[in-house]
Each structure stands twice: as structure tokens, then as C-alpha cells.
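Lettering follows sequence order; numbering is per chain, from 1. Since the structure is predicted, the reported quantities are computational estimates derived from the model, not experimental observations.
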2 protein chains.
Amino acid sequence: MQVPDLKMSEKEKKILDAAIAVISEKGFSAASTSEIARQAGVAEGTIFRYFKTKKDILRGILIHLGNVIAEPLVVYGLKKILYQDGREDLRAGIKLVLKDRMAIIDAVFPMLRIVITEAMYHEDIRQILYDKIISRAVEVFEEYHLEMVEKGLMKKEIDAVVAGRSILANLVLFFVYRNLFGPMIQLDDYDRELDQVIDAIMHGIAIPAVGDKK
Amino acid sequence: MQVPDLKMSEKEKKILDAAIAVISEKGFSAASTSEIARQAGVAEGTIFRYFKTKKDILRGILIHLGNVIAEPLVVYGLKKILYQDGREDLRAGIKLVLKDRMAIIDAVFPMLRIVITEAMYHEDIRQILYDKIISRAVEVFEEYHLEMVEKGLMKKEIDAVVAGRSILANLVLFFVYRNLFGPMIQLDDYDRELDQVIDAIMHGIAIPAVGDKK
DNA sequence: TTCAAAAATGAGTGATTACTCACTCAACAA
DNA sequence: TTGTTGAGTGAGTAATCACTCATTTTTGAA
């Protein structure tokens with residue numbers, strides 16, 4: 001996925017694209033500015049006209065992710081589910097959105113990999129990640145969750161954060177299992193497994209005691 | 001958490017401990033052998049008597065994780081749940097085990113962070129991770145899952161892999177949310193949130209349709 | 001106590017790093 | 001045509017890197 005324009009010169013876009021590619025391949029520390037320059041087709045000095053330091057390139061990637069990618073990844077499509085009433089519609093809607101998100105994650109994975117990795121090591125990166133993406137995602141999901149509780153489709157006993165995290169968690173590990181460990185395992189039928197994942201998210205993995213209502 | 005002995009000289013242990021500390025702090029590429037040596041209290045040359053290359057140190061950490069840490073992280077305590085019959089016992093057992101796992105993850109987090117990060121970038125590391133830890137974990141959980149299905153406590157419609165992944169996923173994101181983003185958020189009561197997480201794992205976040213049995 | 005083998009050392013090596021800066025040159029104004 | 005500007009350049013710089021190896025220190029059997 002290419003970096004779209006946004007008050008950004010052609011050169012700057014080229015450099016960011018190259019930086020994402022190289023850093024995602026080797027990791028931030030192992031990626032050299034000389035290789036980024038080569039990949040971008042500019043002189044090494046040019047990079048430092050647009051980014052004061054190498055770390056500024058990382059910040060640029062992160063801000064870009066927040067501005068351009070976070071919105072479709074988090075918000076887009078939720079409304080589609082939000083205004084369904086039937087339970088089967090809900091399930092189908094969730095499936096659609098999850099499939100869609102899998103595709104988006106796939107497309108922006110290089111960028112995500114960089115951000116996730118660096119967030120594990122640097123509190124300042126984590127702070128930006130939280131401010132630009134996570135807090136916004138929580139906000140959006142809280143609204144959605146409230147709507148679902150009012151419709152009697154989601155449990156009010158489970159907080160929005162826990163519920164949202166459960167969805168995200170299952171989605172992420174589904175992705176990791178398929179895309180990172182895919183070569184090592186015998187992959188099940190995608191749709192069948194996704195159905196099970198949704199089942200686990202919606203109704204859990206345990207059999208409820210007889211007579212239990214919730 | 002310190003590296004325990006296992007056919008390992010005092011020096012080698014010291015170097016591994018220092019390597020884990022330094023690499024976990026800065027990342028593998030940014031960690032220098034000179035700093036690892038300083039932290040270990042040995043000369044830089046000594047490191048290369050025990051590890052042929054820097055990458056061998058990483059391999060050493062990974063193998064150590066597989067040999068010593070994976071077992072308690074994955075297997076230990078499952079039997080405690082396995083031989084409970086009551087449903088409330090099951091819930092309490094899961095809670096105990098999850099709490100215990102949170103503590104273990106906390107203790108080995110430096111090591112985990114290194115392995116997870118490098119696994120994201122290198123297929124060969126991923127392969128070792130799969131062979132030494134994941135495949136073993138799947139094996140253990142499959143046995144547990146089968147037992148639970150036979151007791152009528154877990155759904156047979158959801159595969160062991162999906163069910164186990166759901167538990168792991170919720171546990172991991174619970175940890176990440178609390179320990180990495182803890183400073184940025186207002187933390188709920190730990191036990192209350194953990195109860196909700198278990199609820200989400202066991203019975204899902206959606207309200208089942210009236211008349212539904214599973 | 002003696003001495004050979006093993007372990008440990010740290011200065012040295014060539015390669016690579018992020019970053020600088022004196023310079024080039026295309027584009028436009030006067 | 002001449003002068004001015006600033007984006008773009010890439011050789012240069014000091015620092016740092018992983019790794020080597022000649023030398024010193026430690027060890028333990030005789």
C-alpha cells in the first residue's frame with residue numbers, strides 16, 4: 001500500500017514509501033539511511049532535508065498511520081453493522097467487517113509491523129500510538145457498544161473496552177496464525193475458521209450451564 | 001527473572017542474562033556486544049568464546065526460552081483445572097491460571113519481547129518458535145480441550161486451536177493494555193476486569209438469542 | 001612448585017553508520 | 001543575459017560496529 005498524498009511533496013512521499021519498505025523488512029535499527037535513499041532513488045543527503053534525523057522518519061511513518069490508515073482500519077464499516085437489527089444480520093455483518101479488516105491489515109502490515117515493534121520498546125512511540133489511534137478506536141467502539149447494549153444484542157456486564165479488546169485480540173491472533181505461521185501449519189478452510197472465531201467472540205468457548213440466561 | 005542453570009557455565013549464564021537485559025531494552029540490532037560485555041562484567045572477546053556470532057546469542061535466548069520457560073508458561077497448572085468438575089470450579093480455576101500466567105509473562109517479559117520482535121522479522125526465528133513452543137502448546141491444549149468437550153464444558157463445534165487462541169489472545173491483550181498502556185489509561189479494578197475477560201472468553205460478548213442452547 | 005593447557009582479555013581491524021556541508025544546477029526575475 | 005535562490009547532491013567525518021588474535025592470567029594435574 002502506497003503512501004497517499006497529504007500536503008506532501010513527491011520526494012517526501014517517495015522517501016516515506018521507501019522507508020516503510022526498508023524498515024519493515026529489516027527493522028528500524030538495522031535499516032540504514034543509505035539503503036532507504038537508494039530505494040527511494042534520491043541522494044542520502046536529500047533524506048535529511050525532509051527529516052531532521054532518522055528517528056524523525058519513524059515519527060513520520062507513525063503520524064501517517066494515524067492520519068490516513070487508522071480511520072478505515074477502525075471506523076469504516078462499523079455503521080453497516082450498527083444499523084442491522086436481526087441477529088443473523090449481526091453475525092453476517094461482523095463477518096464482513098472482520099474479513100475486510102483482515103484485508104486492510106494485510107495491506108498495511110509493513111507499516112503496522114514497524115509501529116508495533118517500536119511501540120514495544122519506546123514509551124514515546126506508545127504515547128503517540130495511544131493518542132492518535134487507540135483512544136480514537138475506543139471512543140468509536142464505545143458508541144457502537146452502547147448501541148448494541150440498548151438493542152439487547154451485547155452484554156452490558158462486559159465493558160466496551162473488554163468487549164472491543166476481545167474482538168481485536170481474536171482478529172489479531174487469527175491474522176498472526178494464518179499469515180506469519182501459515183507456512184508451518186496445515187491451514188483450515190478460511191471461512192469455516194472465521195465462523196468459529198466469530199462464534200468464540202460472540203458466544204464464547206464454554207457451554208453455558210443449563211438454566212443460565214446470560 | 002534470571003537464567004537458571006542447565007549445563008551452562010557461570011560465565012555463559014552471566015552473558016545470557018546481560019544479553020537479555022540489554023537486547024530487551026534496545027532491540028537486537030541496536031544492542032551492541034560491547035554493552036552486553038560491560039553489563040555481564042566480562043571482556044568483549046569472552047562473549048565470542050561462548051557465542052560464535054551475535055546472532056548466536058539471539059538463538060541462545062530463544063532456545064533457553066523454549067527449554068526452560070515454555071513449560072511453566074504453557075503446561076503448568078492446566079491439570080489443576082483439568083480435574084475440576086463443577087462449573088464454578090472451572091471458572092475459578094481458569095481465573096487462577098490466568099492470574100498465574102500474567103505473573104509469569106510479567107517476569108519473562110524481557111525475553112518474550114525479544115523473541116516476539118525478532119519472530120516478526122525473521123522466518124527462521126519463527127520456525128524455532130513454532131517447533132519449540134507453539135506446537136507443544138497446541139498439543140497440550142488439544143488434550144485439555146478434548147477432556148473439556150467430553151465433560152460437556154466446552155463446545156465441540158469450536159476447534160481446540162481456535163479456542164486456545166481465544167484464551168491466549170484475550171490474555172495477551174489484557175497484558176498489553178495493562179502493562180504497556182497502563183500509564184496512559186485509568187485502570188479498572190484488576191479482579192473485576194479479569195472476571196469480565198473470563199466471561200468474554202467463556203460465554204462471549206453477545207447476548208444469545210432466546211431459545212438458543214449453544 | 002612447576003608447567004602446559006584453557007580461559008580470558010582488550011587493543012586492533014575493516015566495514016558501516018547517521019549525519020554534514022561545500023558544492024552543483026535548474027528555474028525564474030529583472 | 002545575468003543574478004538569485006534553494007532543492008538536490010555525494011564525498012567526507014567521526015563514531016561505532018561485530019569480530020579477531022596475540023598476549024596475559026588462571027587453573028589444576030603431576
Would you mind reading off the distance between [X] atom [atom1] and [N] atom [atom2], rounded to a whole angstrom?
{"X": "D56(A)", "N": "dC19(C)", "atom1": "CG", "atom2": "C1'", "answer": "13 Å"}
{"X": "K26(B)", "N": "dA18(D)", "atom1": "NZ", "atom2": "P", "answer": "11 Å"}
{"X": "R38(B)", "N": "dT16(D)", "atom1": "CZ", "atom2": "P", "answer": "11 Å"}
{"X": "Y50(B)", "N": "dT9(C)", "atom1": "OH", "atom2": "C1'", "answer": "12 Å"}
{"X": "E10(B)", "N": "dT26(D)", "atom1": "CD", "atom2": "P", "answer": "18 Å"}
{"X": "I36(A)", "N": "dT16(C)", "atom1": "CD1", "atom2": "P", "answer": "17 Å"}
{"X": "I15(A)", "N": "dT9(D)", "atom1": "CD1", "atom2": "C1'", "answer": "12 Å"}
{"X": "I23(B)", "N": "dC17(D)", "atom1": "CD1", "atom2": "P", "answer": "13 Å"}

Between [options], which nucleotide has the shortest distance from any of its atoms to the side chain of [X]?
{"X": "K11(B)", "options": "dA8(C), dG8(D), dC19(D)", "value": "dA8(C)"}
{"X": "A43(A)", "options": "dA18(D), dC19(C), dT9(D)", "value": "dT9(D)"}
{"X": "F48(B)", "options": "dC19(D), dG8(D), dA18(C)", "value": "dC19(D)"}
{"X": "E44(B)", "options": "dT17(C), dC19(D), dA8(C)", "value": "dC19(D)"}
{"X": "S32(A)", "options": "dA7(D), dA18(C), dT9(C)", "value": "dA18(C)"}

Open item on the list: Listing request: all side chain to side chain donor-acceptor pair (under 3.5 Å) pairs with a residue in residues 36-54 of chain A, at least two apart in sequence or in separate chains.
Closed with: T33(A)-E44(A)
Open item on the list: Could you work out, with side chain to side chain donor-acceptor pair (under 3.5 Å) as the rule, every residue matching D189(A), not counting sequence neighbours?
Closed with: none
Open item on the list: Less than 4.0 angstrom between a side-chain N/O of R49(A) and OP1 or OP2 of dG8(D), yes or no?
Closed with: no
- [ ] Assign A31(B) to base, sugar-phosphate, or nothing according to its heavy-atom contacts below 4.0 angstrom with the strands shown.
- [x] sugar-phosphate
Task: Note, R165(A) side chain near N170(B) side chain (heavy atom, < 4.5 Å) - done: no
Open item on the list: Which is more 5' along DNA chain C, the nucleotide nearest G45(A) or the one nearest S34(A)? Just name the residue.
Closed with: S34(A)
Task: Spacing of CG belonging to N179(B) relative to CG belonging to D106(B), to within rounding of 0.5 Å - done: 5.0 Å
TODO: To the nearest 0.5 Å, tell me how far L168(B) CG sits from R101(B) CZ.
DONE: 11.0 Å
